[in-house]
Amino acid sequence: MPLIEAKNVSKHYYKRKGFFGKKELIKAVDNVSFSIEKGTTLGLVGETGCGKTTLAKCLLRLINPTSGAILFKGKDLSKMKSEELDDYHRSVQIVFQNPFTSLNPRMTIRNIISEPIITHKKINKTELETELVRLLKVVGLNETHLSRYPHELSGGQNQRVAIARAIALNPELIILDEPTSALDVSVQATILNLLNELQKQFNLSYIFISHDLGVVRFISDYIIVMYSGKFVEMGPSEDILGQPLHPYTKMLLLALPLPDPKKKIELIQHQMKALEDWRGGCVFLQKCPYGMELCKKEEPEMVEVREKHFVACYYTIKGDRR
Amino acid sequence: YYTQYSIPNLKSSLVYAYVSDFPDLDPSIAFEDEQVILANMYEALVFYNASNTNNPLTPWLATSWSHSPDGLEWTFNLRKGVLFHDGSELKASSVKSAIERTIRMGLGAAYIWDAVKEIQAVDDYTVKFVLDYPAPLAQIASSQYGAWITGPSTPSNDTQATEWFNQGKDSGTGPYMIEKYEAGFQVVLAKFDKYWKGWSGNHVEKVLVKSVRDPTARLQAIKAGEADITLDLPVDYLEELKTNENVRIISVPSYRNLLGMINTKQAYTDNVLIRQAISYAFPYDAVVKNVMQEYATQSRGPIPVGMLGHFEDLTQYTYNLEKAKQLLSQAGYPNGGFTLTLTYTSGDELEKQVAELYKAELEKLGITLEIKEMTTKAKYALARGDPTQAQHILLFYWWPTYITPYDFLYSLFHTEKKVIFNFAYYYNSTYDDLIDTASQLEGTDLNKALQLYRQAQEQVVEDATSLFILDMDTIMIANKKVHNFNPNSAYTEVVFFYDVWVEA
Amino acid sequence: MNKLTLSKETKITLKLIKRDKLAMLSLLIITFFIIVSIFAPFIVPYPSQGEGLPVPEKRFLPPSFENPFGTDYLGRDVLSRVIFGARISLFVGIFVVCVAIIIGVPLGLIAGYFGGKVDDVLMRITDVFLSFPSLLFAIALVATLGPGLFNAMISLSITWWPWYARLARAQAVTIKEQPYILASQVIGVKGLTIVFRHLLPNALTPIIVQGTMDMSSAILAEAGLSFIGLGAQAPSPEWGLMVSTGRIYLLNYWWFPVFPGLAIFLVALAFNLFGDSLRDVLDPKSRKAGGQM
Amino acid sequence: MASFKTYLIKRIILALVVIYFVITITFILSHVVPSDPAELYVGPKATAEQREKAIKELGLNQPIYIQYLRYFQNLVNGDLGKSLRAHTPVLHDILTYLPATLEIVVLANIVALIVGVAFGSYSALKKDMLADHLIRIVSVGGVSIPSFWFALITQLVFFGILGIFPLDSRLSSDIQLFNPIHTITGFYTIDALITGNIVALVDSVRHIILPAFVLATYPIGLVTRMVRSMMVEVLNENYIRFAKANGFKDNLIYYKYALKNALTPALMALGLSFAYSITGAFLVEVIFSWPGLGTYTVNAILENDYPAILGVTIFGTIFYVFINLFLDILQAYLDPRVRLQ
Amino acid sequence: MVEPILSVEKLDVSFSTFEGLAHVLSKVTFKINHKEVFALVGETGCGKTVTALSIIKLLPRNSYVQGRIIFNGRNILELKESDMVEVRGKSMAMILQDPSSSLNPMFKVGEQLCDAITSNDPNIKEPKRYALELLSKVGFKDTERVFNSYPNELSGGMQQRVAISISLTGKPTLLIADEPTTALDVLTQAQIIQLLKQVRDTYSTSVLLITHNLGLVATLCDRVGIMYFGQVVEIGPTYDLFYNTKHPYTKGLLQSLPYNKLKNQTLPTIPGDLPSPLSPPSGCRFYPRCPRSNESCSKDVPEILPITDKHYVACFNPLSGDE
Ligand SMILES: Nc1ncnc2c1ncn2[C@@H]1O[C@H](COP(=O)(O)OP(=O)(O)OP(=O)(O)O)[C@@H](O)[C@H]1O
Ligand SMILES: Nc1ncnc2c1ncn2[C@@H]1O[C@H](COP(=O)(O)OP(=O)(O)OP(=O)(O)O)[C@@H](O)[C@H]1O
Ligand SMILES: [Mg+2]
Ligand SMILES: [Mg+2]
């Protein structure tokens, strides 16, 4: 049984366009389904604003999905009793992109890490202190950091604090929302190492959100590519990188500048067709170099083309390869 | 700098810097300061010449009058050839309708006509008043409020008439008409050419009456020649002005006094001994000398100096702390030890200073005086509530509507069903009888009436129903170029522009 | 365990303020007035006159060694009264601002954080209050409550709190999007706890700046009310009242109205300058219009 | 633009709600206090019958909700009630007094705009230099100075000591008597100019200078500070750095790009201060015996003329609310960020 | 060898802050040749932007600058502000990281563009025509519509194009691009990169590209300079830098990238933290974290010296080829 399963989850917003403008429907997340097994990492890639964080928020129940169901160990969240929900809240945690904004600047590290503990458990001072020290040790810090403020620590150290806070309640799943994109490359490596270690140690599941396909590939077992609120491709990470199917995934790979001048690839001259009238149907249509009439009419569905490798694209599935 | 313009060919003009505005120019209603303007535009049947103590009642629109022996019928013979500003002639019918309008509207000082049952225009020049009870109707007809005779141009609808007047229109017989009326801050008066007394001789022909609330501004205006006459400057400025060659200070009794009504129904002051004690504790001299710089005198009883019914030899409390202490001991409070409250009107400089000085004196007797500055509304609201919850001492001024002692003695100390101005809450039927009888005799047997008035005054002084603090003077300041200026105490703060003239 | 560690912001603030000579000067003035008002009865030359005891024989003495600011219309030492007046003005300032903050800030934070209907209702109410010309409203209020220092303070507080509600709401709306708030929500911390544990401390900076500036506005407003006779009542040594009483003596005995007014000016200036510096240092973006005496 | 209409309608509804509340609140205020309007109406020495009559005439004998409804009904008809003292319609009074107030308030705010923008932008350009510090003291001083006191000081200095300006009022007595201004707009300076009454023009200008100056100190301070802080902020914006880096002329950068960004909030502030001064100028008006709305208000307060107080409150609020409304819409128009988002 | 268009020599920049003097740049030295894209790469806070601002002379007031910046034969640092105004926009221009804040939100794109044109070349008679021309050069088709748009009506990529068109108004010989693509999504990044290359080719402009994205460097640049904490530690042709790395820091940086690594592999990391610019280490700034450091490293600042004719390194113990 998957740890978490999302079924046809959507989140729609209405947003006023301009000061006097009309309200406009934004499909931040549109009809997505996936599942994640215990102890594995799911990578979620997509460009800014494609709905990654919104999906994470739905999973965390910070916002309610407009439609669809989220199952935790087979149970529908919306039908859970409050006790079970408490349990769920403890089991799913998050680490954000920017460690400086995800830690309250006016709290000491001690207060930050103890917050989840005291919120959920009655615990005396000495027990709390030993627990704090244990957590710090796990993430590679020590008790000297306890009475400091976030601004007195480096970005990497702060991200470790955020991770410590996330694992304080022994969760089963941690959602990592671009946990390294605000960090330097050299620090990123240490955090990625730490995450790998923790996963082994506690048999954690991760949902790793990023727009950097390289990083996602390194850490994930399974990758989902998202575009404009939709999943366009998903599959085992080696598959996705080795044999990308969706044009968007391909472009992500091509546009991703690998620091390897040997493989210096000329960027594809994906001529922008003037597709302003190409609305409806596939979400990627406007930027797609391979758009067809069919794409205009209907939205493609996710189809399993290889084992566990799904793609939503007419061109891939039945298109004539030019 | 801007003197290059030519002054129009006028014999004489005058600027009067007055202290307030003139909220309501309807002569039937006006009851505040409007007489300053109205007395120059309208005239009454009788004129009260306060400087002629023996025979103040002067024929004016009425040349003569008489009354029946019981005092219930009064006949006035009208002057002939008097014209209203619209050119029509003064007739008995106008008199009748003018006074009837005042009575009908029932606002302002209308109550002075309370005794009047009926007004008859006997012929064009004779008016007869039939009364319900005897009243001094000639005096009443000389009142500065509510007795002005308006002419036929007054709109017949009463409310419309009020609006008409307040647009700066008028319908009097007086020497001036409004040329320009800027509500709230100034009035320009120009001469009425066909005034019955004529314009030969020296008369002011154009007048600007400005309301200048700020005393500093009035002082500066008179010093700079911006105003020819003004009044009511802080006494502290008068010293300096005395040395000013261009101005003259004229001080006349104002018929206005400052009282500190003592609550006879409240704890402590319900005891006459304590009332007397605190009457002895008031620093009369300090107030007269320091605060008023001698531009006022200590009161003798409720009727102000110079007015009908004032007696110079009436008993008077003096500042005497020994005596006060003695009385307090008698009352059982040798060391004081209680608190009294005093209310006064916010913004009134004199009341404020008096209150503060008095507080310091009572302190010496061990009495705490709690001073409350209140707006008139709040002050009266408190005072008209339950007397046992009201203030102990209330500072306020009184002045007559028309010149009769009854006005003071009735309003201040006569028994009232509902409190209006008897803030001493003094209910004494003997007193009531004395003044009621005196009032009815006033028109027919003045001497007898005065005698009764005196008895009544002795009674209230004895009972210490009020602190009789000051009889105020009206202090007018005039440029020395202003001639013939003799203020008349019966018409508060009025300058009769027709009488004066200004050197060019 | 709770070692006093100043947050970075506070440290920066202190340093910047130390460098800002005007801010230091204004702080000095404020401190001076606070000390002077606390110890007023012990340091003024004539304490009883400060409280209102008349000395009729010493009226209108010009400034001299004995009476450095001269004497007033009842012979009282103006210096003593001005110093006593500092107590009133500072108290008024603190009272009005504190009441406004205590009412406004929690409301604003709650509205901003919870949003939805709560927000709608609370903010419509503040909108209504904000749309009154505040001083006019305060005047109408005092005029009906009856003049007096306390009523004036109450009226000013009533007209003031919506500014804080709005400010706090704006803060809450931005801060609640901060990831650290989300993090606490994920942990399962309850709404009100988040408001007071996380939002409040982080929203405080502009509120403090505003509070400092409003000290001066409140003092000015109260002095203005007293000046027209709606605030403090004689013989209170309230500054506005003293200027008002002294006004008619301006041209002859200038010292009597001038010194109390100068005191108002100085205190208001000090608080405004200090607030201005604070704002420059902390919060260049917050701004507010209106509120003139 | 259909949505602009909805926006407008929404804003107007909000404004109406506010006005409704103001009216209700003022009505309640005037009825909870122990007061006797009838007494004021008939005067201090009236008889019991007179009082009765007045109570009937004022409708005070009716149940409170009827009075409330009546009050509303009258307001809708533009009737703010009658002054208790003068027995004239309050609205008429307000309109009589308004031009005098508008005259100084408009002048003061124009001065404030010019001086404030000049000071503010100069100060921002010279940030942290001596000029900046001086301007800062002056502008903070402007908002800190108690206007009533400052008015007195200017009188003391310019009238008492130097004698170069008149003490108070709108015109000299001589002019009132012999060269009166024919009222057209109610603005004396303008009326004198239109009618070619030069003597009166000079005189009215001399009279308006001090009060307008005193009244301008607050908005000058306000605008200066606003413009300065906005300019400083704007000058730190990336787009200014970008413009500089790409060779835009300094004049363009400072006086077009930076100033326009800084000006909108300054205009908003000024608009509010203007709306506010209509009733907020009373201290200055009283001291300069300026026959405007402020003087009227203070008189009404001193005389407890509550229909007048309420009338002014309601009028002032409506004025304020509508200026606010206007400013919001104007801002939405001036700033494409708000307009287009 | 041709004269370089820009030559930065021993540039020291420090800022006076209330915490003390921050020594941000130390002996920064590099050159940019004609028609070259030179990339300056380094981690956050290492001084890339400060270097760029020094070159265009727009450093904030609290800065102290030493060294020489020779541009077109003149030392920029000695120029008066009035002369500098003639340089900016005309022979040197700059685009910034965040396109959305580079354009003034209160003015239409066209107006800003025209103002730039008239500022940089008063002789142009019809600025609007020139503006439309420029807009189409940076890849807009519907130029008229863009011309009449407010910045916030455009997407990030479009805004950056407009910004580039503005910086091209004076046909500069050097274009400084400070992280021009960081704020954009991958697809748009690729487009902007292409555009910059196109600009280089059509306008013969040299580009100083500032970035921390090693990947971009690999794709686009001719030569790369690696910066660490205010010092330029290695300069060389892109290939050499990646495959013949000489500086231990560069090596550490490249190794810590997760690309091409397998999951469950432990990534190599650089030990230690960044020092504080208030008290930078003496000598080589990298030595406290350097696996190869020895005593001399803490004493002297290593000068940047050629190892081959195009490859420069500032290290006392550079790596040899096979390490
Ligand atoms: N509360 C909200 N109201 C309206 N629209 C929203 C809201 N939250 C998100 N959106 C919209 O939903 C879309 C997805 O946003 P989301 O934050 O999930 O993107 P993301 O993939 O996490 O982007 P990033 O990479 O920038 O973090 C965006 O277009 C955003 O504008
Ligand atoms: N005005 C200044 N005053 C003080 N210190 C400054 C100032 N500007 C920059 N610094 C400091 O100089 C150092 C280098 O900053 P710079 O902006 O050049 O870094 P960067 O390499 O561009 O980083 P990023 O990749 O984040 O843009 C930083 O430590 C920064 O704090
Ligand atoms: Mg996101
Ligand atoms: Mg940078």
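The structure displayed is predicted, hence computed values, not measured ones. Throughout, a chain's letter reflects where its sequence line sits, starting with A, and its residues are numbered from 1. All values below were derived from every heavy atom in this structure, side-chain atoms included, with hydrogens, water molecules and symmetry-related copies excluded.
Chosen from D/A15, D/G141, D/G271, D/S139, the residue pairing most often with chain C at heavy-atom distances under 4.5 Å is D/G141.
Of all heavy-atom pairs spanning D/V143 and C/N272, the tightest one is CG2-ND2, 3.5 Å. The two residues C/R247 and D/V286 make their nearest non-hydrogen contact at NH2-O, 3.6 Å.
A 4.5 Å side-chain heavy-atom check between D/Y218 and C/L220 finds every atom pair outside the cut-off. Residues D/F282 and C/I139 are in side-chain contact: their nearest non-hydrogen atoms beyond the backbone lie under 4.5 Å apart. Counting only heavy atoms from C-beta outward, the side chains of D/R136 and C/L273 approach each other to under 4.5 Å.
Distance check: C/D276 CG to D/R225 CZ gives 4.5 Å after rounding to the nearest 0.5 Å. In this structure, the separation between CD1 on D/I287 and CZ on C/F227 is 3.5 Å, given to the nearest 0.5 Å. If you take OG on D/S144 and CD1 on C/I264, they are separated by 12.0 Å, rounding to the nearest 0.5 Å. Here the CG-CG distance, from C/L250 to D/L156, works out to 4.5 Å after rounding to the nearest 0.5 Å. Of the inter-residue distances, the one linking C/F265 atom CZ with D/I145 atom CD1 reads 4.0 Å to the nearest 0.5 angstrom.
Within the 4.5 angstrom heavy-atom criterion, only side-chain atoms of D/F159, from C-beta onward, approach chain C. For C/L269, the parts lying under 4.5 angstrom from a heavy atom of chain D are both the backbone and the side chain. Contacts between D/V284 and chain C at a heavy-atom distance below 4.5 Å are absent for every atom of the residue. Heavy atoms of C/L266 lying under 4.5 Å from chain D are absent altogether. Heavy atoms closer than 4.5 Å to chain C are found nowhere in D/L310, neither backbone nor side chain. Heavy atoms of C/L141 lying under 4.5 Å from chain D belong to its backbone as well as its side chain.
Although no hydrogens or angles enter the test, the distance criterion places no donor-acceptor pair under 3.5 Å between the side chain of D/W149 and the main chain of C/V243.
In this structure, the side-chain hydrogen bond (donor to acceptor under 3.5 Å, both in side chains) partners of D/D132, at least two apart in sequence or on a different chain, are D/S123, D/R228.
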